[in-house]
Amino acid sequence: MAKVGFAIIGCGNIGPVHAAAIAEVNQAKLVAVSDVVPATGQRLGEKYGVDVYTDYRKMIERKDVQAVCLCVPSGLRAEIAEDCAAAGKHILSEKPLEVSTKRIDRIIAATDKAGVRLGCIFQSRFAEGPQLIRKAIDQGRFGRLVLGDAYIKWYRSPEYYGSGAWRGTKKLDGGGALMNQGIHQIDLLQWFMGPVASVRAQTKRALHEKLEVEDLGVVMLEFANGAYGVIEGSTAIWPGHPARVEVHGTEGSAYVEDGALKFYKFQKRRAADAKIEETLTMESELGSGAGDPLSSLKIEGHRRQIADFAKAIQKDCPPLIDGREGRNAVALIESIYKAAATGKTVKV
Ligand SMILES: NC(=O)c1ccc[n+]([C@@H]2O[C@H](COP(=O)([O-])OP(=O)(O)OC[C@H]3O[C@@H](n4cnc5c(N)ncnc54)[C@H](O)[C@@H]3O)[C@@H](O)[C@H]2O)c1
């Protein structure tokens, strides 16, 4: 089967991770890149020997571009996605899919209308630890789920927020520690526990006073299945800790740190558990965003998700994380912001 031709729009920090991941996927090949800053696009294009554009609209006229990776700042995606969908290109977007459900709905409508696939990067779901937890949930091994928590106690320096004018702005980042950083674990939490029914929350700026958005948020959740949970997300905690997602039930408990399985215990033990228990000391396949956004980010999660997306295009079936899945995390975070602003319990 012919390889799927990918192009990258936005070659800043995460664009090169997509390029490196595409190079490792059998079903995919990189054919072009685009960035409004010529030197940024050039650097990536030269590394992979592909054509470089400053105007993505010219790039998506190419027939050999079947799919685009949207790696521009979060709040710039809706218009670009509409153009790409109209040009018949499948779209794999970075997280968050956009900065609001209103803008996400524009992307979903445009891709539905054009009949192209839409995917949203949540690479943590593709790591082995979260996959094992999801499987155990499907097998009913936790009993009744009663508690699900996400802890993202990270550090981002003032230099990080100063490294792009869009960072930490309401308009282009959409939010702070929860919308930009914690969204990976917030997605995992809903993937494990099911949808959230209502939230109570407090957010503030604990360190980065000049930001428009929160660098600390504490959230109480009630899931639709009746379970409770908490989210604690921050970029104000030095030096930063592994991000942890916990699932607790009446018959079992498990948690991951940076996607690596760290605890996995069930009342009804199975023989196969012994092999899984051996992985409890394994280091993260994803790397950690605890103290620094990219220096330790590994490409493996992106590689697996891009492989899934390329296969979805080849086989004409939905990718594992589609636009509606991408929307769920942003919908929850929007409700959290509303709860924090009003001091009230908000239904999601
Ligand atoms: N999945 C992850 O773990 C992960 C990690 C980092 C960033 N991200 C996401 O990736 C996105 C980008 O983040 P970043 O840190 O790479 O930002 P960045 O500022 O480093 O890079 C964005 C790039 O987009 C370019 N750009 C802006 N408008 C453009 C346009 N119209 N056409 C082409 N290029 C354009 C900019 O010039 C810049 O080079 C954000 O949404 C962020 O949330 C995801």
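The figures here come from the full heavy-atom set of this structure, side chains too, leaving out hydrogens, waters and symmetry mates. Order of listing sets the numbers, starting from 1, for every ligand and every atom in it.
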Show which atoms of ligand 1 fall inside a sub-4.0 Å distance from at least one heavy-atom site of [X].
X      : result
Thr40  : 39 (O)
Ser34  : 33 (C), 34 (N)
Ile9   : 32 (N), 33 (C)
Val36  : 26 (N), 27 (C), 28 (N), 29 (C), 30 (C), 31 (N), 32 (N), 33 (C), 34 (N), 35 (C), 37 (O)
Ile80  : 31 (N)
Ser74  : 40 (C), 41 (O), 43 (O)
Gln123 : 1 (N), 2 (C), 3 (O)
His302 : 1 (N)

TODO: Check whether any side-chain heavy atom of Ser124 sits under 4.5 Å from a side-chain heavy atom of His184, and report yes or no.
DONE: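 A side-chain contact exists here, since the closest heavy-atom pair is under 4.5 Å.
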
Does [X], at its [atom1] atom, have more than 12 non-hydrogen atoms belonging to other residues, nucleotides or ligands within less than 6.0 Å?
X      : atom1 : result
Gln202 : CD    : no
Arg269 : CZ    : yes
Lys47  : NZ    : no
Glu79  : CD    : yes
Arg205 : CZ    : yes
Lys204 : NZ    : no

Open item on the list: Show, in sequence, the C-alpha distance, side-chain angles and deciding distance for Phe223 and Tyr228, and conclude whether the ring pair (Phe, Tyr, Trp, His ring centres under 6.0 Å) test is met.
Closed with: CA-CA 6 Å; Phe223 292 91; Tyr228 289 169; 9.2 Å; no

Heavy atoms only, cut-off 4.0 Å: how does [X] contact ligand 1, side chain, backbone, both, or neither?
X     : answer
Leu76 : side chain
Arg77 : side chain
Val72 : both
Cys71 : backbone

Ignoring hydrogens and geometry beyond distance, is a side-chain donor-acceptor pair present between [X] and [Y] at under 3.5 Å?
X      : Y      : result
Glu300 : His302 : no
Glu257 : His241 : no
Asn26  : Lys3   : no

Open item on the list: Using heavy-atom distances only, which candidate in Gln181, His18, Lys95, Arg43 approaches atom 43 (O) of ligand 1 most closely?
Closed with: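 Checking each option, the heavy atom nearest atom 43 (O) of ligand 1 is found in Lys95.
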
Suppose we measure from [atom] to each protein heavy atom; which comes out shortest, and what is that distance?
atom                    : result
atom 1 (N) of ligand 1  : Glu94 OE1, 2.9 Å
atom 15 (O) of ligand 1 : Arg167 NH2, 3.1 Å
atom 20 (O) of ligand 1 : Asn13 N, 3.0 Å
atom 21 (O) of ligand 1 : Gly12 CA, 3.3 Å
atom 24 (O) of ligand 1 : Gly10 CA, 3.5 Å
atom 13 (O) of ligand 1 : Trp166 CZ2, 3.6 Å

Could you tell me whether [X] and ligand 1 have an N or O pair separated by under 3.5 Å?
X      : answer
Asn180 : no
Tyr56  : no
Thr54  : no
Ile14  : yes
Asp35  : yes

Task: Test item, Phe122 contacting ligand 1 (heavy atom, 4.0 angstrom) - done: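 Contact check Phe122 vs ligand 1: negative.
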
Open item on the list: Closer than 3.5 angstrom, by distance alone: can the side chain of Asp35 be matched with the main-chain N or O of Cys11 as a donor-acceptor pair?
Closed with: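 Confirmed, Asp35 side chain pairs with Cys11 backbone.
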
Open item on the list: Check whether Asp322 reaches the backbone of Glu325 with its side chain - one donor and one acceptor, N or O, closer than 3.5 Å.
Closed with: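 Such a contact is found between Asp322 side chain and Glu325 backbone.
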
Open item on the list: Distance to the ring centre below 6.0 angstrom and angle to the axis at most 45 degrees; does that hold for Arg167 and Tyr161?
Closed with: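 No, Arg167 does not lie over the aromatic ring of Tyr161.
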
Open item on the list: Going by salt bridge (charged side-chain N to carboxylate O under 4.0 Å, His left out), name the residues that satisfy it together with Asp187, two or more places apart in sequence or in a different chain.
Closed with: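 Asp187 satisfies salt bridge (charged side-chain N to carboxylate O under 4.0 Å, His left out) with Arg125 only.
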
